[in-house]
Every structure is written in C-alpha cells, then in structure tokens.
Amino acid sequence: MTWAKSINFESLIQHTRRPTVSDKSTPTTVKSNYLDELNEIQRQAVLCIDGPVMIVAGAGSGKTRVLTYRIAHLLQSGVDAFNILALTFTNKAAREMKERIGKIVSEGESRNLWMGTFHSVFARILRAEATKIGYPANFTIYDTDDSKSLIKTILKELGLDEKIYKPNLVYSRISSAKNNLIGSKAYLHDKSANEEDRLSGKPKIGEIYERYARRCFKAGAMDFDDLLFNTNILLRDFPEALYKYQDKFRHILVDEYQDTNFSQYVIVKQLAARFENICVVGDDAQSIYSFRGANIQNILNFEKDYPDMKTFKLEQNYRSTQNIVKAANSVIAKNKDQIDKKVWTSNADGDRILLMKANSDNEEGQIVARSIFETKMNKQAPNKAFAILYRTNAQSRAMEEALRRMNIPYRIYGGLSFYQRKEVKDLLAYFRLAINPSDEEALKRVINYPARGIGDTTIQKISLAAADHDISLWTILENMGDFNLEINTGTTNRLSEFVVMIKNFTAMIFSLNAYDLGMNIANSCGLLRELYTDKSPEGVSRYENVQELLNGLKEFSDSGNNGIELPEDADMVPDTTPLVVPMPVSAAEPDLLSALAEEPDADENPADTGAKPAVKRLPEFMQDIALLTDSDSKKAKENADQVSLMTIHAAKGLEFPYVYIVGLEENLFPSQMALNSRTELEEERRLFYVAITRAEKQAFMSYATSRYRWGNLINCEPSRFIEEIEAEFIEFAPSAMPSGTPRQGFGIRQKNATDVSNRNKTGEDVYTPATAPVKKNLVKLNTAVKQSTGAVYDNSHLKKLTVGMQVEHERFGTGIVSAIEGEFPNNKATVEFDTVGQKQLLLKFAKLSILS
DNA sequence: GTGTAATGCTATTGG
DNA sequence: AGCATTACAC
C-alpha cells in the first residue's frame, strides 16, 4: 500500500499498547439467554472483546446477530456506550441494530452508542471540530447534485467542453482522488494522476479539482468525500484531536469492512491505533463497491495490519436452502481473489433456481409478475415475501408496469429519494442559505426561484465580480454598492429584497424552533404559493412533498428525530477555542458563527443535567439531511405488504423468501462497463453472488432476448453468469427452453476479447503530506469565518498600503500596487500582478498581505 | 427576463 | 423513451 506507507502516521499515533489479550475475557455479567442463541464460533466472536478481531461472515451467517450481541456484551462487560464506535453501511442498519441492542440492554444505554455510517458519524465530529480545519461549524454538506452543478460552473468558467470533460467523469476523478487522500494541491503534483489525465485527453482535471476545492471551501461546504477527507486532515494535523477520539472510541466496530475505501481505512486505523480494540466484520465475497473507491484489500490485508488479530469465520448459513447456498458457491468459486472459506447450511434442499426466458423487457415483466402471482398462490406467501432485483434502475419500469397491471402492490427502493426531489431541494436550499449564506449552490438554486426577475445575466455579472475579487457571491450581494456591477436599479432592488429576506431568516434561527422557522421560510419565500397555484397532478404532488418535509420538521421539533440518531455528547460541543485572535465584527452584523457554535439558548451545562436542549432548531435538523437516503425515510411503511423492487446494490444486507433476479443478459449483467478487466468482472460476479444469497426459499432468474435501450430495440444474449451456476441447481421454465435451438446462447461462448488481465489500477500515486499545513489553516480560518457571517474582513493593516508596495494575494499571487483611490475603508487599489495582470481590488475584501 | 418548443444526449451501481 | 439544455418568440 504505497499511500499508507508514505503517510507517516506512526509518528502521530500515540502508542499506548493495549494490554495483551487477557485471560479474563470471560465476562461476569452476561445474560446467558443471548449467548444460547449463538453457535460456537459466533459465541467466540462475541466474547473476544480485547484486541483486533476479524469476523469473516459468509452470506446469511448471522452477522448482524453477532455484531448486536457483541456490542451488548461490551456494554454488559462494563464498557461505556460513549466509548463504542460502530460504523455501519447504512443509517437504517444502525437504527435497527440500536433497537435490537436496546432490547438486550437498556434503551437509554443503546442511545448513547456512536453508531452510524462513516459519513454521519464523522460529519457530526467535524461539526464539533470544523474551526480547527478552517471551516465554519455550520458548514453545508453538498450532495452529488450540488457537486456536479459546481463542476459544470467551473467548466464554463474555464471554457472547457462538457463533452470532453463530462461532469460525471470529472466528479468521479475528484472523488477517487479524495478517497485516496490526494488533495487538490497534491493532485496537481501527482505524476501518475497527471499522466493518466493527459493520456485520456483531459489534462485540466487537476485545475478543475483545485478550483472545485477552493469553491467548496469558500462556500463553507463539504461534499460527501470531504467528510472523510477532512476527518483525515483533522486527525493528521491536530494530534490532540486524534488523541481525544482515540481515547473516546476505545472499542471500534466496522461492519461491511470489505466495502471501505482508503480514506475510511486510514480513519479507522488512526482511531484504533491506541487501544487496538478493533473488530471488523465483512465478507470479501460481497465486496461490490469498488466503483466508489472501496478496496477489497482492506479486509484481505487485515492480518498484516494487526498480526496478533483473531479471526472468526462464520460459515454456517441460516438463511437459505441447500440449493441456493450451493448455487451461489458454484458461482463465486470462479473468482480468484478470496479468503478461503466454505459456506454451508443444514437447511432443507429447497426448490431449484427457476430460469425464465422472455422475448422482450416488457414480456419479462409480465412473466415475472405472473410467476410472483403463482408462487403467492402455491406457497401462500404475502407480497412482502418477494423481491425483484435488477442491475440498473432503468429496469424497474417494465417490472412496475406488469405488477400494476396484475394489481400486485409494490414499492421501489432507490431511484430519486425524497430529499432529491426538486421541490424538496428547493425548500432545503432556502434553509441552507439561512444557515450558511455562503452556500453558493443553494444561492444559485433559489435566487430566482420562484421567479423574481433576477436572470442569468445578472447572476453572470455577480459571479464574475465574485471571481474577480475572489470572494463569495453573497459578499457581493451584501455589498453591491461597493462594486461596479452595472445592474439596473430595478434588478438591484430585487436583489437587495432577496438579501433582506434571507437575512431575516437567518436572524430567526435561534428565536424560532425548526418547524416554526421552516414554515415561516416556506411561506415567505414564495415557494408554497408557487406550488399551490399549480393544480396539475404533478403540481399537487409537489405541494404535498413540501408539506411532507414540513411535517418531518414538525416531528423533529417535537421529538428531535431527523433520521440519524447519534448521541449528544457532552464533550462534543463545537470547539470554539479561537486559534487566532477573533476578528472584530462590525456592529451591524450579529456574530452568527459564534452564535451557532455556542448555541446561546442551549442548556448552559448539558453535562450537568444530561438533558437535551429543549428547543430543536433548524441547523440541527439540517446537519445531516444530505446524508439521508430513501431507505432512511422511516415513514415509508416498512411493514406494508408490498413486493420490493431495488437494485442489487441496494439489496445488500437484506433477505427475502423469494427473490427474482432479472435482466441476466450480457452487457447488462455483467455490465458492459465491467468487461474490461478481470477485477471488474469479478466484482460483477460478487454482485451476482450477493443477489442469489438474498433468497431464503427460492431464487428465480430471468432474461430477455431483446429490450429497449435509448428508445430502440436491441438484441440481447443470456448472461455468462447463468451458465456459471452448476446445472444441477437450475431448472428451466418451459418458456426458457426454446423449441428449435435448445439452450440457445449457452455452452459455446466466445471468450470476451477484452477479458484481459488486471488493469492494475492500484495507482502509485504519492500522498503529499501537508495539503493544509497548520499555519495556512489559521490564515484560511479568518476568511471562512468571516464569509460565513457575512462580516467585513479585518484588513486594517492595509491602511498603510501605498503605491509601489509589493503585495501577495491568495489567488492572484504577487504584484505591485500601481494606484490607490478612495478613503478607508472604501479604498481601492490597482495592482499589477505578475501572472494575472492588472486587477482593481477593494481593500475591504481583498486578502492581501504586504510583502515589502 | 420569462416561458415554451425544439434539440440532443443519455443508462451502471450510491452515501 | 425521458430528461436537460438550448433556441427562440414574447
């Protein structure tokens, strides 16, 4: 692991060697009843709570049960819930596990566990520590749409062609750099990355990345990957923070370890370094997220990281029939890279996998729907016993239609989540702006929605000025008089009305609870009115969605539940310790940031009472909202009797009595994109393995010989995966056996020409440390803080600026002052920069330092 | 600046 | 086929 090696973490990690694995690992206060529900290996895995442990958990082997009991056991052995960090793959998994643990121990205790996804846990920690790394505590989390929109903006600014620099591709380049802990500056100097970009004809990716990172920072925003990246920065550059969390999280558990990426890996490694009470749970055979940076090596190399670790292999499957387990085993055996294990079951043989053939995607839907109907009758099973799994979301439509026609209730998981709907995002954007007016994506989203006569050209002018002065759009809007924007008075008035409106919202953040403020915003921003006037069915639905969001806000205000439950820890109050002398704040402006950080209305000393603050406010509601996904919206009646439709990725960790795996065709599953290398194909195969092993009683598979794609019909060939299942476990439905040419498409298949060896993408990138050295952070801190409050910079040192001086600008570099006009604080300087030429700068805003 | 019609591009997988 | 962006008329 080149990166891991090149980071000198050893020097940072405070090695307090944990006690050697003790012989007193026999607990004293364990309720015997839950241990009785475990088999021998499971029990050992639960009881071994000292030191590094790897649990290799085959599909259906009771992994969740082991994790749950292990945590319960830790608690009963006297470990404080606050000292346990359990990282799960979804928020839903965390919620469910907490519930189960609550039933074994007490609910009060389980609530104090630090349990959630990497993103939600470290977002919470970053809220408390943000100022250390130069971010405001009220930072926004950009979702993928925000990120891509920002990338598009940057592409336009740089005059790059979106067809060459596809935003999706640029985004994933940046994302994978971050997940490998390569910051934008490091990326620019990264030979292999540059080489790769140059060869792919996109040499400017580094430049885009740098701008992107700068813009996010200025907007006080982190994207998903930043949550992990910045956690790493925090732990690397602030040893006292590292020490604090090492000490706090004395026991660390990571679920689905096979799907962690490098960034996550380093976080865990760092946090666990002191006590090494780390337990990872995973199954290499179910690693299906390499496309977003997951590195299967993390689990394969666990032993190298912790040579004295204990391994427990859970190999007995309790979920599925013999047929399903054996069929799945016969498939996964085709993969090369795996941990040696043998999943077995003592369950009944069960029915064979039923393979069905259709002539088109629509017919496939009908066949599947009909089969579900029949199986329901034959087995007397409810709808919720069924799941339809597919490789791509686009396949859901044909299934939906067929189910609807047969009056079979269903629910689609994934796709557009509630929080991604346009109308919901619009209102959320107003909320975001109220909390953090620097949030550029939110600003652009709603500055002219509902339409208020602020058009593209106006926004262009403002953006240009912002780029020119290297300040945020919001700062321009607040100080329009100071810039020659050449915007007519009518528009100027509308702009200032908008600014006043947002400022009013901001001013109410602490006086109103989340619901009252949200309602107030929804009413006065004009969005509710706009939606209400639209009486089309879609319009009504949009209105209802906004109402739904407000309902959620209401519930949150009453109960404090926004879908992610993490403890409110006494020592997790945002750290307001000033790293630099606090900047003076102009009298007119409330010091919002410190208000946010200090929470004036909150209990003075929560540690004394243990009570939560009485009033639930909007910032608290918003703090994790970008991290919520569809499956987290708990209101969707989990228990409704519906057939589940979802992608195989979304089905990870779930199980159903009857599972339909559809669209088993070459170029669809395995995906066309995965045919370039062995490793990619192996990941597809693991995905197939995951799909099969979701089934408890019977698996069904189907393929179509033709389907619509981009509006035209294409021919399809059955997937190679079908013939990888040993024949004895499969049964062909009558229609799947074409009369003329039996087993058409089977047997003889040409080897895929591109099925070559490993593409070796392990990348020898070099991690350049000190992407953000401490000192620099201090400087940046000022700008971040000030921007988030909208206050004026303290540039009083520029009073003594005179013509002829050499100055340095954060972005424009060095230059010579050629003219000064106006009176402080409204004076302007003309600077001849060495590289970017002449610029006029308002000293009030410019971040200049005087060199000589 | 706003709204609509025509065009063109796209569909792995997801927190 | 569906969505997003662009072109063009008001």
Side-chain angles (χ1 to χ4, degrees), chain A residues 87-94 116-123 141-145 147-149 152 156 162-163 166-168 171-172 175 179 222-228 256 259-261 263-264 287-294 361-362 389-398 401 413-417 419-420 422 448-460 487-488 490-491 494 563-564 624-632 646-652 663 667-676 680 683-684 686-688 690-691 707-714:
Chain A
L87 296 163
T88 59
F89 198 71
T90 62
N91 292 307
K92 190 173 157 221
T117 60
F118 273 88
H119 289 93
S120 51
V121 165
F122 295 110
I141 298 173
Y142 274 177
D143 67 17
T144 315
D145 289 341
S147 298
K148 287 187 183 154
S149 144
K152 283 184 190 170
K156 280 203 192 96
E162 273 194 27
K163 277 159 206 141
K166 293 208 174 91
N168 268 322
Y171 177 76
S172 71
S175 171
N179 286 330
M222 299 193 198
D223 65 19
F224 287 143
D225 304 309
D226 284 333
L227 294 173
L228 306 174
E256 308 284 8
D259 282 325
T260 51
N261 61 37
S263 182
Q264 294 168 320
S287 164
I288 55 174
Y289 277 92
S290 75
F291 74 90
R292 78 181 193 212
D361 43 4
N362 288 325
L389 308 182
Y390 33 79
R391 179 67 238 267
T392 66
N393 280 308
Q395 290 166 257
S396 70
R397 198 173 299 271
E401 252 167 55
Y413 292 77
L416 263 213
S417 92
Y419 296 101
Q420 288 175 314
K422 181 188 179 303
N448 195 32
Y449 182 78
R452 47 175 74 87
I454 302 169
D456 286 346
T457 38
T458 305
I459 296 177
Q460 278 309 311
I487 293 174
N488 66 46
T491 311
R494 289 193 283 267
I564 293 182
D624 313 297
I625 226 70
L627 304 174
L628 293 179
T629 58
D630 197 36
S631 58
D632 293 319
M646 65 186 86
T647 63
I648 301 163
H649 283 89
K652 181 164 112 156
N667 297 329
L668 181 59
F669 193 17
S671 161
Q672 198 166 10
M673 332 281 284
L675 299 178
N676 302 313
E680 285 174 315
E683 175 146 317
E684 293 288 301
R686 291 193 294 269
L687 193 58
F688 186 48
V690 168
R707 70 173 61 237
Y708 278 93
R709 204 180 193 186
W710 298 316
N712 39 17
L713 200 62
I714 55 158

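- For A/Ser671, no side-chain nitrogen or oxygen approaches OP1 or OP2 of B/dT13 to under 4.0 Å.
- Residues A/Ser417 and A/Leu628 fail the side-chain proximity criterion, which asks for heavy atoms closer than 4.5 Å.
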**OP:** Encode nucleotides 2-11 of chain B as B, S and - characters from 5' to 3', where the letter depends on protein heavy atoms closer than 4.0 Å: B to the base, S only to sugar-phosphate, - to neither.
**Re:** S------SBB
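- Among the heavy atoms of the strands, none lies under 4.0 Å from A/Asp143.
- Per the geometry, CZ belonging to A/Phe669 stands 13 Å off P belonging to B/dT13, to the nearest Å.
- What separates CG of A/Leu713 from C1' of C/dA1 is a distance of 13 Å, to the nearest Å.
- Counting non-hydrogen atoms of other residues, nucleotides and ligands closer than 6.0 Å to CZ of A/Phe291 gives a total above 12.
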Each nucleotide N or O in nucleotides 3-10 of chain C that has a protein N or O under 3.5 Å away: list the pair and distance.
| residue | atom | partner | partner atom | Å |
| --- | --- | --- | --- | --- |
| C/dT5 | OP1 | A/Lys152 | NZ | 3.1 |

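- Using a 4.5 Å heavy-atom threshold, the side chains of A/Asn667 and A/Ile714 count as separate.
- For A/Phe688, the ring-ring contact (aromatic ring centres under 6.0 Å, His included) partners are A/Phe669, A/Phe721, not counting sequence neighbours.
- Using bins of under 30°, 30° to 60° and over 60° for the plane-to-plane angle, the ring pair A/His119/A/Phe224 lands in the perpendicular bin.
- Rounding to whole angstrom units, CG of residue A/Asp145 and P of B/dG15 are separated by 13 Å.
- With a 4.5 Å cut-off on side-chain heavy atoms, A/Arg494 and A/Thr458 do not count as touching.
- Remark: ring of A/Tyr289 does not overlap the six-membered base ring of B/dT13 in a stacked fashion, as centroids less than 5.5 Å apart with planes less than 30° apart are not both met.
- Evaluation of the side-chain contact (heavy atoms from CB on, under 4.5 Å) rule for A/Ser175 yields A/Asn179, A/Asp225 as partners, not counting sequence neighbours.
- Of all nucleotides listed (B/dG1, B/dG15, B/dT12), B/dG15 comes nearest to the side chain of A/Asp225.
- For A/Asn712, the CG atom counts as densely surrounded, since its 6.0 Å shell holds more than 12 non-hydrogen atoms of other residues, nucleotides or ligands.
- The shortest side-chain heavy-atom distance between A/Thr117 and A/Leu627 does not fall under the 4.5 Å cut-off.
- Contact check, A/Thr647 against B/dG14: a side-chain N or O comes under 4.0 Å of OP1 or OP2.
- Between the side chains of A/Gln395 and A/Thr392, at least one donor-acceptor pair of N or O atoms lies under 3.5 Å.
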Original post:
Pairing of DNA chain C as dot-bracket, 5' to 3': ( ) intra-strand, [ ] crossing, | other strand, . unpaired, with Watson-Crick or G-U pairs under 3.5 Å?
Top reply: ||||||||||
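- Legend: residues meeting side-chain contact (heavy atoms from CB on, under 4.5 Å) with A/Lys422, ordered by chain and number and at least two apart, are A/Asp426, A/Arg445, A/Tyr449.
- Of the C1' atoms belonging to C/dT5 and B/dT12, the separation is 23 Å, rounded to the nearest Å.
- In this structure, A/Glu683 atom CD and B/dT13 atom P are separated by 14 Å, rounded to whole Å.
- To the nearest whole angstrom, the two P atoms, one in B/dT13 and one in C/dA4, are 15 Å apart.
- Protein atom CZ of A/Phe224 is 9 Å distant from nucleotide atom C1' of B/dG14, rounded to whole Å.
- In this entry the distance linking CZ of A/Phe89 with P of B/dG15 reads 7 Å, nearest Å.
- Atom OH in A/Tyr413 sits roughly 18 Å away from atom P in B/dT13 (whole-Å rounding).
- Inter-residue side-chain proximity for A/Phe118 and A/Thr260 is flagged as met; some heavy-atom pair is nearer than 4.5 Å.
- For A/Leu228 and B/dG14, the CG to C1' distance is 14 Å, given to the nearest whole Å.
- Place A/Arg292 and A/Thr458 on DNA chain B by their nearest nucleotides, and A/Thr458 ends up nearer the 5' end.
- Residue contacts for A/Ser120: at a heavy-atom cut-off of 4.0 Å it reaches no nucleic acid atom on any strand shown.
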